[in-house]
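These numbers come from the heavy atoms of this one structure, side chains and all, not from hydrogens, waters or symmetry mates.
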Amino acid sequence: MGRRLFWHVTRGVPPPRPGGVEPAIDADSAPWWEAVAQHRFLLPKCNLCGFRLFPPTPRCPRCGSVSTELSPASGSGRIYSWVVIHRALSVGTTPEVPYVIGAITLEEGGRIFGRLLASPADSRLRADEPVSVCFYTVSEVTLVGFEFANRPNDNLGSL
Amino acid sequence: MPSYRPTFLGRTAVVGVGYTQFSRDSNRSVLSLASEACRAAIDDAGLEPGAINGMASFMVLHDSVPCQGVASTLALGELTYCLDMSLGGQAPSFMVMHAAMAVDSGLADAVLVFRALNGRSGIRVGQAPFPGPGAQYRYPIGFTAYPQYMAMWARRFMIETGATYEDLGAVAIAQRRYAETNPRAVIRKSLTMADYFSEPFVVDPFRISDCTSEVDGACALVITSLDSARHLRQPPAIIQGAAYSLGPRSGLDIGDSLLWEDYSRNYTNLLANKLWRSAELQPTEVNFAEIYDCFTSTVLFGLEGLGLVGRGESGSFVRSGATAIDGVLPTNTNGGLLCEGYLHGMNTVAEAVLQIQGRAGDRQVPRHNTCVVTSGGMMDGSAIVLARD
């Protein structure tokens with residue numbers, strides 16, 4: 001658990017700055033955030049239609065069933081889209097610019113936003129690049145982020 | 001749906017337009033701005049204030065005044081229709097639809113629609129947080145502002161369609177040309193591609209010129225029946241087509257798109273068929289377009305989503321000069337929200353009305369029989385087709 005808190009030391013990118021907004025956790029999302037605090041990545045699952053979805057909602061957005069539950073997910077996904085934020089546009093403090101936010105399509109289904117804990121100049125920052133979940137902490141709040149799953153230049157194959 | 005022909009179409013018209021000056025610091029109350037634009041629209045129509053018996057307005061982030069405040073300040077009489085909606089840029093065309101429905105159903109005779117805000121000196125929508133159940137999945141990670149959400153969609157559009165930074169820049173450049181002849185525009189300086197690429201990113205892929213300009217100001221319209229319109233001061237801008245769409249799995253609140261399936265397609269893709277069917281037109285038949293442009297990307301989305309060009313063709317279309325005043329489809333003829341200023345798209349509709357009416361002066365498009373107007377950028381929005389009488 002301690003290893004993940006200091007990811008920035010080994011990866012040479014600025015650490016997340018403390019501050020930012022505490023998540024406005026509600027009754028629908030509390031169990032998911034509790035799992036995140038324990039470094040467990042769960043995804044809702046609909047027991048009726050099997051849809052894996054994010055975020056947790058009172059009913060399945062695909063079939064409307066109330067029978068949904070959280071279950072473990074691999075944390076693997078691919079980059080669906082991303083932005084590089086160069087100017088902080090917010091009420092509170094944010095990570096040091098520039099930083100990357102990804103929209104990640106998860107392996108089981110569903111999409112989540114997460115900070116991509118890597119340099120904006122990384123050559124792996126492209127559509128469909130595999131990523132995997134990691135956890136990091138800002139002001140004692142544990143958050144879900146993503147790291148690249150492959151090493152740099154893995155796409156060169158047998159070169 | 002097998003048929004789509006809302007009954008108010010062809011029977012109502014926009015008859016008056018009013019604006020305040022747009023600025024970065026009005027030094028006035030929103031109520032004062034709203035009242036000025038509304039009175040200007042009433043006068044423009046050739047009506048007396050007492051003739052107005054319906055109102056509609058919208059705001060997001062509690063940045064405006066309710067209709068009752070403006071009605072009281074303008075010394076209007078009783079209203080038999082009044083609608084205050086909590087919405088952003090999705091609203092303007094939809095507000096016109098509501099006004100038209102109210103008039104055509106007999107609830108009111110003349111409906112005033114307005115948007116007013118101190119959007120630069122007061123609450124700035126480009127930085128303000130949007131509350132709602134989806135906020136917790138954005139703000140803590142530093143994904144905090146509307147331009148960033150739009151940029152995420154713009155990137156996916158670039159991935160799927162091959163659109164480039166040059167395509168985004170071309171939209172900004174084309175609209176600056178129009179702004180040069182629009183005294184109301186807050187940004188009028190011409191832009192070259194070299195200028196564009198020398199700008200820093202705000203949120204990659206957006207540079208400064210990709211983003212709308214927040215302003216203080218107000219804009220208003222008056223809608224009546226077509227029969228009444230023909231006796232008033234200005235040529236009627238007939239509401240010939242209309243559609244609204246909130247797509248499936250649109251998310252938990254105005255800032256949330258986690259459940260949305262395809263970030264490269266927005267509400268325009270969903271409402272296009274109904275819009276054109278309702279107007280009994282092919283997309284190629286409109287003479288000009290006013291496409292909601294909180295950011296350059298939404299113009300590309302809208303051109304493709306509405307079927308004005310094919311998938312992946314919007315960038316080359318803009319770069320070819322097709323959206324210029326002498327092109328096949330003049331687009332955003334006031335310089336758009338990008339240059340005239342961000343009245344949440346109310347001024348997008350107002351510009352369309354002026355052009356249909358032949359009152360756009362130096363920037364009047366030569367062919368102005370019909371046009372399409374859109375409102376909104378992402379999961380939900382509205383659109384109307386206006387026609388000359």
Inset, instruction - Flag the one option from B:Phe201, B:Tyr263, B:Tyr146 with the top tally of heavy-atom pairs under 4.5 Å to chain A. - result: B:Tyr263

Legend entry - Pair A:Phe54 and B:Tyr137, ring centroids less than 6.0 Å apart: yes

Is it the side chain or the backbone of [X] that comes within 4.5 Å of chain A heavy atoms, both, or neither?
X        : result
B:Arg155 : both
B:Pro147 : side chain
B:Arg138 : side chain
B:Ala151 : both
B:Leu258 : both

Legend entry - Test salt bridge (charged side-chain N to carboxylate O under 4.0 Å, His left out) applied to A:Arg87 - qualifying residues, sequence neighbours left out: none

Inset, instruction - Using only heavy-atom distances, determine whether the side chains of B:Asp262 and B:Ser264 contain a donor-acceptor pair under 3.5 Å. - result: yes

Legend entry - Side chains of A:Asp122 and A:Ser119, donor plus acceptor under 3.5 Å: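 No, no side-chain donor-acceptor pair sits under 3.5 Å.
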
Inset, instruction - Against chain B, label A:Thr57 side chain, backbone, both or neither, depending on which of its atoms sit under 4.5 Å from a heavy atom there. - result: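 Contact with chain B involves the side chain of A:Thr57 alone.
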
Legend entry - Proximal component of A:Ile101, with respect to chain B [non-hydrogen, under 4.5 Å]: both

Legend entry - Test item: B:Asp167 side-chain N/O and B:Ser314 main-chain N/O as donor-acceptor pair under 3.5 Å: no

Inset, instruction - Could you tell me whether the side chain of B:Ile187 reaches within less than 4.5 Å of the side chain of B:Leu338, counting heavy atoms only? - result: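 No. Closest side-chain heavy atoms not under 4.5 Å.
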
